[in-house]
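The block underneath contains the structure these notes are about, expressed in structure tokens.
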Amino acid sequence: MSNVTASGARQRIDSLLDANSFVEIGGLITARSTDFNITAKETPSDGVITGYGVIDGNLVYVYSQDASVLGGTIGEMHAKKIVRLYDIAMKTGAPIIGLVDCAGLRLQEATDALNGFGEIYMAQAKASGVIPQITAIFGTCGGGMALVPVLTDFTFMEETKAKLFVNSPNALSGNIDSKLDTASAGFQSEEVGIVDVLGSESEILAQMRALISILPGNFEDDSVFEACSDDLNRSCANLENCIGDTAILLSQISDNSTFFEMKKSYGKDMVTALIKLNGTTVGAVANRSEIYDSEGSLTESLEPVISARGAEKAAEFVQFCDAFSIPVLTVTNVKGFKATKCSEKKMAKAAAKLTYAFANATTPKVNLITGQAYGSAYLTMNSKSIGADMVYAWPNAQIGMMDAKAAAKIMYGDTDAVTINEKAAEYATLQNSVMSAARRGYVDTIIEPEDTRKYVIGAFEMLFSKRENRPDKKHGTV
């Protein structure tokens, strides 16, 4: 047993894991350094509790930093405990969870502590794409420690007390934290896009349990399949009404409305979420132009475009899904890229990253076109040309270069309005109609909205044994 069983660090572990399942590793380890009279201070477990347990029967490894021990700072032995935990997690193929409350580098241990930080980074890099890595921030996560959650797959953050920063807000020229708290959970979630889920401490722990229950244990694990109690052929009535808020659409087609959204406050024009289809975990990426609250009221309207933030968010999510062989479903309703000075700074690079993520992914990929699908933005959203295995479209979908009237104005700009309208109607039929795309093979099947669930499930069942070979190379560079 640990010497700090009454600490908040241990209480978080007990709340996260199934009851009485935690087994501690290295509970008797203390700081080794003798400099600056550090041995005169109690350092039980050297400020971090490490071990393993289960969540809904799934093996997980967890470390929890104890801020009551030297501020939870990372020293030599503290770091070694975390690295050792990573070694065991990699060998056994199970997720690792970090519960962070850390003042950063332990100054009394200098280069030993610095080297320990580097060893943690190395362990995280080796584990990336091999086992899921999850971080929850409950207190301070500053300086070099700020890299730790970003090197993991998912980051949770307590919404009132947690702080995440490389440089303290007060250290930024012309800024104080009372004016703009760049370390706050709100800023990191809405403006930076690091944080996947915000909430109270109890909400975060509950959400982490929910996430673990739908994630594979490692990149070779297929045990996330479970018996589906929902009707595989269930009709989704009035699904076309969800064309704007695709978070609702995805929850409607998912088994028993299972829906776990990532980074909901960042790049709101794009939904990234995990859902269940026939008992299988599926990653979903969807354009969004409307946001409704739990009461069914419209709270925000967005342009049907891809922003740089939305593209970045989606690209990272697709890469995660591909690394762990999680199938990907896209829901496309987009007319172009966001046209603002701010977005334009990163637009080309972000769109390229998203295009590459879809093109590079070899996991099963299905695209559903629900509305507009125009220009390069349509291609970026997992189109047939960049590797979608199956493409479905609703009857009223429009697929082409641009809106028909805009195209007519370009081609017949020197004519009258009547001619432009006539040519726009002709263009819509010949170039933008879903039937035209289907005849050219860019859409595999035109389906009714209410049949979406059964068609998508059928496609992923068919693609279950998909194998795809790519040119030999070390890795891509996009």
Side-chain angles (χ1 to χ4, degrees), residues 236 238-250 252-253 269-271 284-290 301-307 310-311 314 329-339 347 351 354-355 358 365-413 417-452 455-456 459:
C236 300
N238 303 315
L239 195 64
E240 61 273 18
N241 295 336
C242 306
I243 190 171
D245 194 341
T246 43
I248 299 174
L249 185 153
L250 291 167
Q252 289 288 311
I253 67 172
D269 54 280
M270 194 78 77
V271 176
V285 176
N287 303 122
R288 175 167 52 189
S289 57
E290 294 177 334
S301 293
L302 308 164
E303 272 194 284
V305 295
I306 298 175
S307 69
L329 168 68
T330 46
V331 181
T332 302
N333 179 24
V334 64
K335 68 174 186 178
F337 296 110
K338 188 172 183 179
M347 194 69 254
L354 180 56
T355 303
F358 279 124
K365 296 173 289 188
V366 174
N367 188 15
L368 169 68
I369 302 172
T370 59
Q372 298 171 314
Y374 290 149
S376 298
Y378 149 61
L379 297 180
T380 298
M381 283 297 296
N382 188 30
S383 62
K384 177 76 77 173
S385 54
I386 64 167
D389 298 299
M390 291 293 293
V391 177
Y392 296 115
W394 287 356
N396 292 328
Q398 301 167 22
I399 305 166
M401 278 291 296
M402 63 178 69
D403 174 76
K405 192 156 190 176
K409 286 180 178 178
I410 293 172
M411 293 187 294
Y412 300 94
V418 174
T419 302
I420 288 175
N421 289 335
E422 289 176 352
K423 294 301 181 182
E426 185 179 353
Y427 190 91
T429 301
L430 295 176
Q431 295 292 335
N432 280 5
S433 73
V434 66
M435 188 63 70
S436 174
R439 284 172 177 162
R440 289 168 168 81
Y442 307 136
V443 170
D444 293 299
T445 308
I446 300 172
I447 64 173
E448 294 298 326
E450 61 265 27
D451 295 330
T452 297
Y455 271 98
V456 171

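- Checked against side-chain hydrogen bond (donor to acceptor under 3.5 Å, both in side chains), Ser307 has the following partners two or more places apart in sequence or in another chain: Asp269.
- At a threshold of 4.5 Å between non-hydrogen side-chain atoms, the residues Ile399 and Tyr442 do not count as touching.
- Annotation: the span from Thr380 atom OG1 to Ile386 atom CD1 amounts to 6.0 Å, rounded to 0.5 Å.
- Considering every non-hydrogen atom in both Thr330 and Met381, the closest pair reads OG1-O, 3.9 Å.
- No donor-acceptor distance shorter than 3.5 angstrom exists from the side chain of Asp444 to the backbone of Tyr392, with no hydrogens or angles considered.
- Asp389 places no side-chain N or O within donor-acceptor distance of the main-chain N or O of Val366, the cut-off being under 3.5 Å.
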message = Could you go through Asn287 and Thr370, starting from their C-alpha distance and side-chain angles, then the distance that decides it, and tell me whether this counts as side chain to side chain contact (heavy atoms under 4.5 Å, CB included)?
response = CA-CA 10 Å; Asn287 303 122; Thr370 59; over 6 Å; no
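- The distance from atom CG of Leu239 to atom CH2 of Trp394, rounded to the nearest 0.5 Å, is 4.0 Å.
- Applying the 6.0 Å contact sphere to CG of Asn396 captures no more than 12 heavy atoms from other residues, nucleotides or ligands.
- What you find for Pro304 and Asn333 is that their closest heavy atoms are CB-O, 4.0 Å.
- One distance of note links CD of Gln252 with CG of Asp245; it measures 10.5 Å at 0.5 Å rounding.
- To the nearest 0.5 Å, the span separating CE on Met390 from NZ on Lys384 amounts to 6.0 Å.
- The minimum heavy-atom distance linking Val434 with Ala393 is given by the pair CG2-CB, 3.5 Å.
- Taking every heavy atom of both residues into account, Gly371 and Ile243 meet most closely at CA-CD1, 4.0 Å.
- Note that the CG atom of Leu379 and the CG atom of Leu354 stand 11.5 Å from one another [nearest 0.5 Å].
- Pro395 and Glu448 make their closest contact through CG-OE2, 3.5 Å (heavy atoms, listed as atom of the first residue, atom of the second, distance).
- When all heavy atoms of Asn382 and Gly387 are compared, the closest pair comes out as OD1-C, 4.4 Å.
- Atom CD in Gln398 sits 12.0 Å away from atom OG in Ser436 (nearest 0.5 Å).
- By the salt bridge (charged side-chain N to carboxylate O under 4.0 Å, His left out) test, Glu303 pairs with Lys335, sequence neighbours left out.
- Asn241 places none of its side-chain heavy atoms less than 4.5 Å from the side chain of Ile248.
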message = Working note: Tyr455 + Leu368, criterion side chain to side chain contact (heavy atoms under 4.5 Å, CB included); need CA distance, chi angles, decisive distance, verdict.
response = CA-CA 10 Å; Tyr455 271 98; Leu368 169 68; over 6 Å; no
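- Using a 4.5 Å heavy-atom cutoff, the side chains of Met270 and Ile306 are in contact.
- For Phe337, the CZ atom sits in a packed shell: over 12 heavy atoms of surrounding residues, nucleotides or ligands are nearer than 6.0 Å.
- There is a side-chain donor-acceptor pair under 3.5 Å between Thr332 and Asn367.
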